[in-house]
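What follows is a short report on a single structure.
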Amino acid sequence: MAQFSPLYIHNSLTREKELFTPLNGPYVGMYVCGPTVYSNVHLGNVRTFLTFDIVYRYLSFLGYKVRYVRNITDVGHLTGDSDDGEDKIGKKARLENLEPMEIVQKYTNDFHDVMRIFNMKPPSIEPSATGHIVEQIEAIKSIMGRGYAYESNGSIYFSVRKYNEDHPYGELSGRKIDDLLNNTRSLDGQDEKQDPLDFALWKKADASHLMKWPSPWSEGFPGWHLECSVMSTKYLGTQFDIHGGGMDLKFPHHECEIAQNTGATGEPRSVRYWMHGNMLTVNGRKMAKSEGNGFTPEELISGNHPLLERGYSPMTVRFFMLQGHYASTLDFSNDALQAAEKGLDRLMKALSQLDQLPCAAENDNTEVDIRLLAQRCSDAMGDDFNTPILISVLFDAVKLVNNVADGRLAISPQQKGSLTSMVHGYVFDVLGLTQETTAGADSVGESAGLLDLLVQLRGSAKSNQDWTTADAIRDALGALGIAIKDSKEGSSWERS
RNA sequence: GGUCCGAUGGCCGAGUGGCUAGGCUCAGCUCUGCAAAAGCUGCUACAGCGGUUCGAAUCCGCUUCGGACCUCCA
């Protein structure tokens, strides 16, 4: 890994950029909070998973062996933090008249489809909460054994106040327990709790509750925060490298995870680097299901949504998101999507030119410094996965490719080789962008032959200075979405 | 009410105590039969008011505006 810049990660826990050193290099353990599968994912969810797709890809690119664990939350947690709240999956099951597990399967499938469309790499392990009920019950026993939890009416709650006597609670989100105690909103149905800050480890289910399991305390279901503590520990150990999720999970979810892990083992700091992706906004406001300002990938691609002027391809969206840093909010707009679409197009056109790029000089052109470009790419990613900077460097490479293609610059075969592998590595492997083709795959070969023929016919018309015929062919193809490009070397076509 | 974050050119969006971010748009030019593509040039901004400094958009304070979390949320 000597040729790469050191990697710095902004650690949400310390609020500082820290040099990344894995616990057991070259192995890296990463846990990311996955979706609750009770409805379709929306674009904001996609952004978070994209952020960690980039982290996963870049760590792999650097040569690390990453175990990437991303859970599926399929236990029906309550819609609110009160005892009378309905569970989300159960509610949806009643609405759609399906078994809860049918709901879970349906939206898990949808989630996987979306991840595939956006070219996200699947995680190494994708554990589900319902598959780890036994482990969660064991964890509750450990926490109770250390005196940080109590039973109330068949439910088990984590005692934040008791825990805070031994370990600081609120470190991650920068909260002080006294402030929390003074400012917690009064909610109904918290009679079972000794303290409003306490959170459920196990909830006793009422008769109408559909998803429930036996436990030593009651027939019920585990608390939301517990599954991540349990599954991360099971697959990555009591201490591991990276834990990620959306900014909105910082409090209370991740704070509670820390308390549970420490509460179960007595050892603080189970996670070495906490990473939080920022929110996607619309007109400056967080995109959220409850706001009604999100849309599904289907709507995004088709453009069938009031916020969308037209549809955008998945790679356009991916590129758009990568043009902003993961830790900043990113504002969605049609103008920005369209700008990204054109930029991506220019990048991809340059990439497809790489193969037939002419090489002239045997000796390296000293004006062309591929190593410096590669260095700048590595610096950008090493600085807390700064994809916007990486992309800006890649556009310098685009400029270089175009200059060579137009004969303004000459490069040696060696330079061409290193440029190609460098650019391919960052565009395809690190950023995970793909060349999108709009044509149906089965007819591509045939229509390509026909198009080549038309371009040839137009070429002869041109050499006869028959501009009428030449322009007629170009205009007719243009109307079909095929653009003709003339250059000194001849003409070519491409789908626009 | 509490905690925290942000305010960058026509739009999006990086960055930073002195050195061109980048993309898109717009205008001019080169190339070209014309066009497209590509290239070059220009439009050169850091919310406002004070302060620190040789020097601040970048550090500090205040003001205004916006946002997030405090309740399920990526």
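Residue numbers start from 1 in every chain, and the chains themselves are labelled A, B, ... in the order their sequence lines are given, proteins ahead of strands.
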Sugar-phosphate, base or nothing in reach of A:S328, heavy atoms under 4.0 Å: sugar-phosphate

Sugar-phosphate only, base, or nothing, as touched by A:G44 at under 4.0 Å among non-hydrogen atoms: base

Base B:G33 paired with A:D471 side chain (donor-acceptor, <3.5 Å): yes

Nearest-angstrom distance, C1' atom, B:G67 to B:G61: 22 Å

Residues, nucleotides or ligands: over 12 heavy atoms within 6.0 Å of A:N283 CG: no

Within 6.0 Å of NZ in A:K121, more than 12 heavy atoms from elsewhere: no

Neighbour count above 12 (heavy atom, 6.0 Å) for A:Y8 OH: no

Just the atom pairs and distances: protein N or O near nucleotides 65-69 of chain B's N or O, under 3.5 Å.
from	atom 1	to	atom 2	distance (Å)
B:G67	OP1	A:R285	NE	3.4
B:G67	OP1	A:R285	NH2	2.4
B:C69	OP1	A:K286	NZ	2.3
B:C69	O2'	A:R175	NH2	2.9

Modelled atom types, side-chain donor and acceptor of A:D331 and A:T281, under 3.5 Å: yes

A:F49 ring center near A:F111 ring center (under 6.0 Å): yes

Atom pair distance, as rounded to whole Å: NZ in A:K342 and P in B:C12: 16 Å

Whole-Å gap separating P (B:C70) and CZ (A:F199): 15 Å

Euclidean distance for P, B:G13 against B:C49 (whole angstrom): 25 Å

Sugar-phosphate, base or nothing in reach of A:L337, heavy atoms under 4.0 Å: nothing

Heavy-atom donor-acceptor pair, A:R15 side-chain to B:C5 base, under 3.5 Å: no

5' priority, RNA chain B, between A:F320 and A:G277 [closest heavy atom]: A:F320

Proximity to RNA chain B (any heavy atom under 4.0 Å), residues of residues 107-130 of chain A only: none

C1' spacing across the pair B:G10 / B:C26, given as an integer number of angstrom: 8 Å

Value in whole Å for how far the P atom of B:G13 lies from CZ of A:F319: 14 Å

Crowding at CZ, A:R94 (>12 non-hydrogen neighbours, <6.0 Å): yes

B:G15 to B:U8 separation - P atoms, rounded to the nearest Å: 14 Å

A:K462 side chain, from C-beta outward: closest of B:G33, B:C11, B:G23: B:G33

Euclidean distance for P, B:G1 against B:G9 (whole angstrom): 30 Å

Over 12 foreign heavy atoms within 6.0 Å of CZ, A:R408: yes

Short side-chain N/O contact from A:K349 to OP1 or OP2 of B:A38, under 4.0 Å: no

Set of salt bridge (Lys or Arg N to Asp or Glu O under 4.0 Å) partners for A:K92, sequence neighbours left out: A:E96

Side-chain donor-acceptor contact under 3.5 Å, A:D384 with A:Y326: yes

P spacing across the pair B:U44 / B:C11, given as an integer number of angstrom: 14 Å

A:N386, nearest nucleotide to its side chain (from B:C34, B:G15, B:A74): B:G15

Atom pair distance, as rounded to whole Å: CG in A:D466 and P in B:C34: 17 Å

Distance in angstrom units between A:L357 CG and B:A38 C1', rounded: 13 Å

Under 3.5 Å side-chain donor-acceptor pair for A:S313 and A:T316: yes

Atom CD of A:Q465 with >12 non-hydrogen neighbours under 6.0 angstrom: no

Interatomic distance at C1', B:A45 relative to B:A21, whole Å: 13 Å

Polar side chain donor-acceptor pair, A:R161 to A:S159, under 3.5 angstrom: no

Residue A:Q323, side-chain heavy atoms: nucleotide from B:G22, B:C34, B:C11 that is nearest: B:G22

Rounded distance in Å - CG (A:N334) to P (B:C24): 18 Å

B:G33 base stacked by A:W467 (centroids within less than 5.5 Å, tilt under 30°): yes

Rounded distance in Å between the P positions of B:C46 and B:U41: 23 Å

Sugar-phosphate, base or nothing in reach of A:L330, heavy atoms under 4.0 Å: sugar-phosphate

Within the 6.0 Å centroid threshold, strictly below: A:F158 and A:Y163: yes

Result of checking A:K250, A:H243, A:H10, A:H254 against A:H276 for side-chain hydrogen bond (donor to acceptor under 3.5 Å, both in side chains): A:H254

Nucleic acid contacts - residues 36-43 of chain A versus RNA chain B, non-hydrogen atoms under 4.0 Å: A:H42

A:H42/A:F295 aromatic ring centres below 6.0 Å: no

Listed nucleotide nearest any side-chain atom of A:L280, set B:A74, B:A36, B:C34: B:A74

Between A:H112 and A:Y107: side-chain donor-acceptor atoms closer than 3.5 Å: no

Nucleotide N/O of nucleotides 39-47 of chain B paired with protein N/O under 3.5 Å:
from	atom 1	to	atom 2	distance (Å)
B:G39	OP1	A:R346	NH1	3.4
B:G39	OP1	A:N402	ND2	3.2
B:G39	OP2	A:R346	NH1	3.4
B:G39	O4'	A:R408	NH2	3.0

Runs of at least three consecutive pairs that involve RNA chain B, where pairs are Watson-Crick or G-U with distances under 3.5 Å: B:1-7 with B:64-70, B:10-12 with B:22-24, B:26-30 with B:38-42, B:47-51 with B:59-63

